[in-house]
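Single-structure report; data block below.
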2 protein chains.
Amino acid sequence: MEKTKIVVGEKMTKVVVVGTGITKFGELWEKSFRDLITEAGIRAIEDSGLSGKDIEAIYGGCMASGRFIGQEHIGALIADQLGLNPIPSTRCEAACASGGVALRQGFLAIKSGAYDCVAVGGVEKMTEVSTEEAGFALGGAGDQEIELFHGATFPSLYALLARAHMNEFGTTEEQMAMVAVKNHANAMHNPNAQFHREITVEQVMNSGYVAEPIKLLDCSPITDGAAAVILCSGKKARELGLKGVEIAASEQASDALALTDRKSLTELNSTKVASSKAYKKAGVRPKDIDVAEVHDCFTINEIISIEDLGFFKKGEGGKAVEEGKTSLTGSIPINTSGGLKAAGHPVGATGIKQAIEIVEQIEGKCNGRQVKNAKLGLAHNVGGSGATAVVSIFRRWGK
Amino acid sequence: MEKTKIVVGEKMTKVVVVGTGITKFGELWEKSFRDLITEAGIRAIEDSGLSGKDIEAIYGGCMASGRFIGQEHIGALIADQLGLNPIPSTRCEAACASGGVALRQGFLAIKSGAYDCVAVGGVEKMTEVSTEEAGFALGGAGDQEIELFHGATFPSLYALLARAHMNEFGTTEEQMAMVAVKNHANAMHNPNAQFHREITVEQVMNSGYVAEPIKLLDCSPITDGAAAVILCSGKKARELGLKGVEIAASEQASDALALTDRKSLTELNSTKVASSKAYKKAGVRPKDIDVAEVHDCFTINEIISIEDLGFFKKGEGGKAVEEGKTSLTGSIPINTSGGLKAAGHPVGATGIKQAIEIVEQIEGKCNGRQVKNAKLGLAHNVGGSGATAVVSIFRRWGK
């Protein structure tokens with residue numbers, strides 16, 4: 001019964017990304033939280049060819065502004081900052097998957113028939129607090145009571161996953177390092193990336209352990225940044241003569257907040273559930289995907305996730321990276337933007353940045369990091385250590 | 001064009017509240033954030049007659065858990081706590097309107113065709129931090145940069161609104177006091193209310209000024225609590241033989257975050273925009289409403305809001321309260337639950353509590369506070385000083 005219903009819904013209302021806007025990612029001392037919102041939001045609206053008055057609602061992803069800048073009520077702040085009052089504006093939070101979840105709410109809101117044109121953004125200003133305070137804020141993505149209050153940090157949680165994957169499948173620290181090397185190489189071609197610096201496996205291996213076996217250069221950085229997209233119903237986009245990329249599916253799944261409650265440490269079940277639903281709804285298979293942005297908060301997560309997304313068999317992710325299958329010219333290029341590792345990880349904005357990268361790949365706008373003839377792409381956004389995952393599939397529209 | 005589209009959507013998918021669950025509101029030292037979620041969530045599922053496996057998605061309203069208990073990623077936490085993994089679970093935040101916004105996302109998600117059965121909850125655990133920390137956390141509902149960092153507290157922001165209303169319309173401190181007296185009287189009949197203590201106008205007038213003209217007994221309290229509802233598509237509810245109350249409309253609007261950017265201090269434009277849209281979509285007028293829950297974070301807000309909602313002319317709210325028109329036996333009973341003032345205000349849960357009160361009024365379950373033959377009710381949830389407002393209209397279903 002569900003299948004019938006979904007197919008009908010899918011046919012009824014298509015959702016198209018008609019504009020994108022993004023800030024530089026980095027330690028942006030000269031830009032406030034509000035500056036970032038304005039910059040990404042205005043760029044996305046201008047890019048779409050629409051004007052502010054066409055926007056009917058806003059969804060904004062933001063994880064921990066209460067801790068980072070003392071501000072909640074982020075939905076209203078975004079509408080205010082962009083001069084878009086009195087339209088409804090809603091903040092969504094799912095830790096590092098806040099952007100992906102916001103995108104999905106915008107997608108569902110258009111499918112509900114309530115709106116034809118919705119702006120979706122993500123933002124985080126992380127560098128205004130001490131490293132200690134940032135660590136505590138980010139700890140809120142995991143289970144503070146069971147994990148963080150007892151001394152487990154996020155690198156240490158992912159270190160547990162890495163150790164389990166190494167033990168079970170023989171994944172090596174060098175293979176993890178190769179994820180970082182690849183993503184830094186890709187970021188060289190992304191003008192908005194936080195890091196424009198190629199690194200070597202040796203450099204990663206020689207960077208200090210943060211939580212063994214995870215080293216400094218296996219970790220994504222603390223980042224300021226914002227990103228926004230404009231979504232339209234297919235009908236509206238056609239009426240207005242807009243070009244864009246269709247969101248073929250957007251699915252989300254949950255898992256236990258604490259690692260200790262998981263059935264397995266070598267997979268993220270939320271990724272598996274969300275991606276299998278997304279493939280089904282889009283009517284495609286993993287091998288059909290031309291390019292993917294995958295949540296590499298730590299390098300081990302890219303390895304685990306390219307398996308859970310069905311690109312490689314469980315346990316073969318490390319080998320696939322080593323063999324270059326995930327590089328720009330590989331069979332399935334992963335993180336052409338530079339990923340979280342090298343493009344940066346402003347947690348609330350990451351899910352939207354991933355979507356933008358896939359949209360621009362399908363539009364052929366990615367210059368030095370362009371994947372040839374990319375028609376179908378996937379964005380994979382994870383919250384915490386996998387308690388939330390969002391998988392969205394994008395495809396050429398109107399062809 | 002919009003009207004046609006909405007009417008079609010409305011006809012296609014009705015959304016019905018088929019179950020409700022709520023905790024006691026108060027200073028609940030013996031109950032954790034997780035305990036509150038479990039209690040409200042399980043009660044709502046049991047009340048609906050469904051089981052956990054029928055629930056397809058969760059929306060949770062929570063304002064400032066990052067500040068109050070150091071925990072973000074609340075959507076995943078709720079799914080985990082209720083044993084409902086791996087379904088998608090999303091936190092919505094809009095300050096004190098977080099619950100109302102979550103309800104609206106659940107409503108839209110069902111209308112999108114993605115789900116037939118969604119759980120929506122709200123939760124806040126506010127009493128584990130110092131009053132100073134709570135004040136800072138709640139300040140995040142306003143404009144921290146422009147207002148709160150410079151010493152304006154929430155009572156002082158609403159004091160500005162009160163002073164403007166008094167100056168322009170002759171509203172008196174006694175009339176504000178009467179709001180508190182009425183709401184405390186109503187709460188006597190609500191077993192889950194934080195306060196079971198009747199108060200007099202004299203007592204309110206003699207309570208100390210917090211920010212003149214607002215006195216201690218004009219303010220809603222700091223509260224722990226959670227509330228949840230189960231929403232079904234009309235089709236699914238009929239198939240399963242469930243009873244319930246229809247959400248006829250749910251609308252949301254935004255306004256400037258800071259009072260200094262508002263056009264008027266005697267009205268909340270977000271309330272006016274959201275309610276006029278909601279009336280239009282439900283096809284009803286303010287005078288058709290039998291009972292309403294109105295956001296009385298401070299007593300002046302109930303007076304301003306019963307005007308902005310169209311129950312009384314602008315400037316006549318204070319007089320209406322004085323004349324008993326908003327009392328249990330008045331022409332439009334307001335805050336039969338006791339409102340935020342006396343039932344308590346766990347900020348993320350308030351919007352859901354309001355919805356539950358209206359559902360139970362329409363179901364005739366409110367005992368000593370029951371409004372006779374209530375068929376059509378309204379819930380009004382405000383974020384901060386009015387930068388967000390959500391208005392939902394409920395009516396008998398299947399009659």
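Chain letters run A, B, ... following the sequence lines, proteins first, then strands; residues in each count from 1.
With sequence neighbours excluded, the residues that form a ring-ring contact (aromatic ring centres under 6.0 Å, His included) with A:Tyr158 are A:Phe298. The ring-ring contact (aromatic ring centres under 6.0 Å, His included) test applied to B:His295 returns B:His345, not counting sequence neighbours.
Heavy-atom pairs under 4.5 Å with chain A peak, among B:Gly75, B:Ser89, B:Ala258, B:Ala109, at B:Ser89. Taking chain A as the reference chain and counting heavy-atom pairs below 4.5 Å, the highest number among B:Gly70, B:Cys92, B:Gly142, B:Ala64 is found for B:Gly70. Interface summary for chain B: among A:Thr90, A:Asn269, A:Val273, the most heavy-atom pairs under 4.5 angstrom belong to A:Thr90. With chain A as partner, the option from B:Val390, B:Ile74, B:Asp143, B:Ile110 having the largest number of non-hydrogen pairs under 4.5 angstrom is B:Asp143. Of all the listed residues (A:Cys62, A:Ala94, A:Ala57, A:Cys96), the one sharing the greatest number of non-hydrogen pairs under 4.5 Å with chain B is A:Ala94.
When heavy atoms are compared at a cutoff of 4.5 Å, B:Ile58 does not approach chain A at all. Both the backbone and the side chain of A:Gln71 come within contact range of chain B, each with at least one heavy atom under 4.5 Å from a heavy atom of that chain. For chain A, the nearby parts of B:Glu93 are the backbone and the side chain; heavy atoms of each come within less than 4.5 Å. For A:Ser270, no part sits under 4.5 Å from any heavy atom of chain B, backbone or side chain.
In this structure, A:Arg104 and B:Pro88 approach most closely via the heavy-atom pair NH1-CB, 4.1 Å. Residues A:Glu72 and B:Ala137 approach most closely at CG-O, 4.4 Å, considering heavy atoms. In this structure, B:Ala387 and A:His73 approach most closely via the heavy-atom pair CB-CE1, 3.7 Å.
Between the OG atom in B:Ser112 and the CD atom in A:Gln105 there is a gap of 9.0 Å [rounded to 0.5 Å]. Here the OG-CZ distance, from B:Ser65 to A:Arg67, works out to 9.5 Å after rounding to the nearest 0.5 Å.
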I'd like a table of donor-acceptor pairs (distance under 3.5 Å, sequence neighbours excluded) in which one partner is a side-chain atom from residues 76-87 of chain B, with atom names and distances.
from: B:Asp80; atom 1: OD2; to: A:Leu257; atom 2: N; distance (Å): 2.8
from: B:Gln81; atom 1: NE2; to: B:Thr38; atom 2: OG1; distance (Å): 3.2

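Heavy-atom neighbours of chain B within the stretch residues 144-151 of chain A, taken at a separation under 4.5 angstrom, comprise A:Gln144, A:Glu145, A:Phe149.
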